[in-house]
Amino acid sequence: MNEERRTPLNPSNLDHRSHCGTFTAMTVRTRFAPSPTGFLHIGGARTALYNWLYARHHGGTFILRVEDTDADRSTTESMQIILDGLKWLGLEWDEGPGVGGEYGPYFQSERNDVYDRYLARLEASGHVYEDDGAIRFRVPDKLITVSDAICGEVSTNLKEQGSRRYDAETKQEVEANPDIVIKRPNGGYIFHFVNVVDDIEMAITHVIRGEDHLSNTPKHLALFEAFGATPPVFAHIPLNLNPSGTKMSKRDQGALIHEYQENGFLPAAVNNYMALLGWSAKDDQEIFSIEELKARFDLPGVNSSNSKFDYDKCRWVNSEHLKHLSAADLLTNAAPFLSRAGIDPTDARVPAALELARDRAQLLSEIPGVIATIFSDTVTYDDASIAKVREKAELPQVISALADGIAGTSDWTVDGIKSAINEAAGKIGLKMGALMLPCRVAVMGSTTGADLAPVLVLLGKEEVVKRLTGFGAML
RNA sequence: GACCCGUUCGUCUAAGGGUUAGGACACCGCCCUUUCACGGCGGUAAUACGGGUUCGAAUCCCGUACGGGUCGCCA
């Protein structure tokens, strides 16, 4: 997102159509709670996926809640990018922006009355006090134990922990107030507070979030206790790191969800790969449809160590999904990439061409490169490929034999073309294999690309002969 | 720095006291293909280190090292 394009977040400006939620009144309720301050990032998307899968697996409800309490940093552009990303991935929400629900509003910026009410309770019970205009929550001086579904039991004493703070500037420990600020002097509420209040109010049963929140959880538990509420089940999932083992940043390859769409990934493949980073079906299956993921995903399969992102494997997962796509879905998904490359997706030869390309491309964006020559009036010759076929001294004879043979065939099918090439080879005392590569280069411009004979079929005899004679004249 | 979490091939992972430590990506080789791929078969490659417990440890315990996270009037 452009740094200059920062419109303060206004929920009513957003486009969130196409999300008809289905309300399922079951016990499990999970939520994805993004803060609209940037892009939809692979880490956030995976968190959303795990929450969505968990809810779907258990017949529960998946809620989208927008944590926009920091008015200075929340933007409409960011919110739109996050919504678009979730939509593209197909992680539809049952309650939240655009679909409503019994527990709304789902933008925290619109829930101040709720927070005021909860704050009053803490005031009444003596849990908070004012400090420099801010409101602080008194943390208890006792060991708080988080029973995490993934990490196990983790105990902390907030009072002890919070009474010292590390100053990154001076690299020293300094005295600190362990009581957490829950409301700013300007009236805005703070994450820890609203997060807990909304999880109570929205009846969230399972909080699945990144392990970076594990250290925050004792604070949240203290708040749940102060409200006399039963906390949800916490499941802190391991983080995804970049290949060098540090936190994924937006500059790392594969970090931003919208780029997957632009680069020609299928949403199902991205979901599949994200699921694999930190979760395993415990057998050897790695390629899953969305339905299979919903059926098989569960918390016990989530492991506890961080993983490094592997773009090559992500591409491979995509290629596997590409192979299994129906012809119609392949066309639908490839169409934008074809158009962008100047190929008319409605061209009658496209479906056949796509079948030639699907095994050779890992990404949708690689498809045009494989078949573009079929739809182009001119051939773009690759120098290295020409050099390779030029090594044979008899190239001109080969090309003219090819042109004659192909011009003379009346059976314009894969088999007919192959036997024409075979006969042409015989006439000049060569084997068929010696003619295939020169023919490729003459007609397609390169030694690589789609299967030759089917390409010739699609091109038509006249065009093939034209290209052969044109190439012969060039020599 | 303090606290927390983690550590199986380069990477993602399986194996929760007894396996020749399995699979996948990537890489290499062979086969298939009279072309390009797909595909098939095979190969290189791992339990961080040190102590325990045990007849037996990748697996349980302790320590060390390394990696990550948190320490905001961000979320």
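The chains referred to below are lettered A, B, ... by the order of the sequence lines, with proteins before strands, and numbering in each begins at 1.
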Pick the [atom1] atom in [N] and in [M], then give their distance to the nearest Å.
| N | M | atom1 | answer |
| --- | --- | --- | --- |
| rA37(B) | rC49(B) | P | 41 Å |
| rC27(B) | rG6(B) | C1' | 29 Å |
| rG63(B) | rC55(B) | C1' | 26 Å |
| rG22(B) | rA45(B) | P | 12 Å |
| rC41(B) | rG67(B) | C1' | 38 Å |
| rA75(B) | rC71(B) | P | 12 Å |
| rU20(B) | rG16(B) | P | 14 Å |
| rA48(B) | rC32(B) | C1' | 43 Å |

Please give the nucleotide sitting opposite [N] as a Watson-Crick or G-U wobble pair, both distances under 3.5 Å, or none.
| N | result |
| --- | --- |
| rC71(B) | rG1(B) |
| rU53(B) | none |
| rG6(B) | rC66(B) |
| rG42(B) | rC28(B) |
| rA14(B) | none |
| rA58(B) | none |
| rU20(B) | none |

Describe the nucleic acid contact of [X] in one word from base, sugar-phosphate, nothing, applying a heavy-atom distance below 4.0 Å.
| X | value |
| --- | --- |
| Gly152(A) | nothing |
| Asp283(A) | nothing |
| Lys183(A) | nothing |
| Asn303(A) | sugar-phosphate |
| Asp451(A) | base |
| Gln161(A) | sugar-phosphate |
| Lys308(A) | sugar-phosphate |
| Glu67(A) | sugar-phosphate |
| Ser446(A) | nothing |
| His236(A) | nothing |
| Gly245(A) | sugar-phosphate |
| Arg440(A) | base |

Discussion item. Go through it in stages, so that I can follow the logic: the residues are Asn195(A) and His192(A), the test is side chain to side chain donor-acceptor pair (under 3.5 Å), and I'd like the CA-CA distance, side-chain angles, deciding distance and then a yes or no.
Written reply: CA-CA 5 Å; Asn195(A) 193 268; His192(A) 302 294; over 6 Å; no
Whether the side chain of [X] and the base of [N] hold a donor-acceptor pair under 3.5 Å is what I'd like checked.
| X | N | answer |
| --- | --- | --- |
| Asn216(A) | rU70(B) | no |
| Lys313(A) | rA24(B) | yes |
| Glu211(A) | rG69(B) | no |

Does the distance from a Lys or Arg side-chain N to an Asp or Glu carboxylate O, for [X] and [Y], drop under 4.0 Å?
| X | Y | result |
| --- | --- | --- |
| Asp198(A) | Arg111(A) | yes |
| Asp131(A) | Arg136(A) | yes |
| Glu463(A) | Lys461(A) | no |

Rounded to the nearest Å, what distance is computed from the [atom1] atom of residue [X] to the [atom2] atom of nucleotide [N]?
| X | N | atom1 | atom2 | result |
| --- | --- | --- | --- | --- |
| His41(A) | rC74(B) | NE2 | P | 21 Å |
| Leu452(A) | rU33(B) | CG | P | 17 Å |
| Arg165(A) | rA2(B) | CZ | P | 17 Å |
| Lys388(A) | rU35(B) | NZ | P | 12 Å |
| Gln362(A) | rA26(B) | CD | C1' | 11 Å |

Under 4.0 Å from OP1 or OP2 of [N]: is there any side-chain N or O of [X] that close?
| X | N | value |
| --- | --- | --- |
| Ser307(A) | rU11(B) | no |
| Arg184(A) | rG72(B) | no |
| Arg209(A) | rG69(B) | no |
| Lys323(A) | rG39(B) | yes |

Practice prompt. Apply the side-chain contact (heavy atoms from CB on, under 4.5 Å) test between Leu91(A) and each candidate in Ile290(A), Leu86(A), Asn51(A), Leu64(A); give the one that qualifies.
Written response: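 Among Ile290(A), Leu86(A), Asn51(A), Leu64(A), the one that satisfies the side-chain contact (heavy atoms from CB on, under 4.5 Å) with Leu91(A) is Leu86(A).
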Discussion item. My understanding is that only one of Phe191(A), Phe234(A), Phe137(A) makes a ring-ring contact (aromatic ring centres under 6.0 Å, His included) with His220(A); could you say which?
Written reply: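 Passing option: Phe191(A).
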Between [options], which nucleotide has the shortest distance from any of its atoms to the side chain of [X]?
| X | options | result |
| --- | --- | --- |
| Asp312(A) | rU35(B), rA26(B), rG68(B) | rA26(B) |
| Ser304(A) | rU7(B), rA75(B), rC4(B) | rU7(B) |
| Asp284(A) | rA75(B), rG22(B), rA2(B) | rG22(B) |
| Leu437(A) | rA2(B), rU11(B), rU35(B) | rU35(B) |

Discussion item. For a salt bridge (charged side-chain N to carboxylate O under 4.0 Å, His left out) check, start with the C-alpha distance between Arg315(A) and Glu366(A), then their side-chain angles and the critical distance, and finish with the verdict.
Written reply: CA-CA 11 Å; Arg315(A) 287 169 54 98; Glu366(A) 292 167 353; 2.7 Å; yes
Discussion item. Using O4'-C1'-N9-C4 for purines and O4'-C1'-N1-C2 for pyrimidines, with syn meaning within 90° of 0, is rC61(B) syn or anti?
Written reply: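 This nucleotide is in anti.
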Worksheet item: Planes under 30° and centres closer than 5.5 Å, is that true for Tyr166(A) with the base of rA2(B)?
Response: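 One would not call Tyr166(A) stacked on the rA2(B) base.
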Worksheet entry | Polar side chain donor-acceptor pair, Thr217(A) to Arg209(A), under 3.5 angstrom |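 Thr217(A) vs Arg209(A): donor-acceptor pair found between side chains.
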Worksheet entry | side chain to side chain donor-acceptor pair (under 3.5 Å) between Ser365(A) and Asn263(A), intermediate numbers included | CA-CA 6 Å; Ser365(A) 55; Asn263(A) 293 341; over 6 Å; no
Discussion item. Closest-nucleotide mapping onto RNA chain B: is Asn422(A) or Trp316(A) further toward the 5' terminus? I mean the 5' end.
Written reply: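 Upstream on the strand: Trp316(A).
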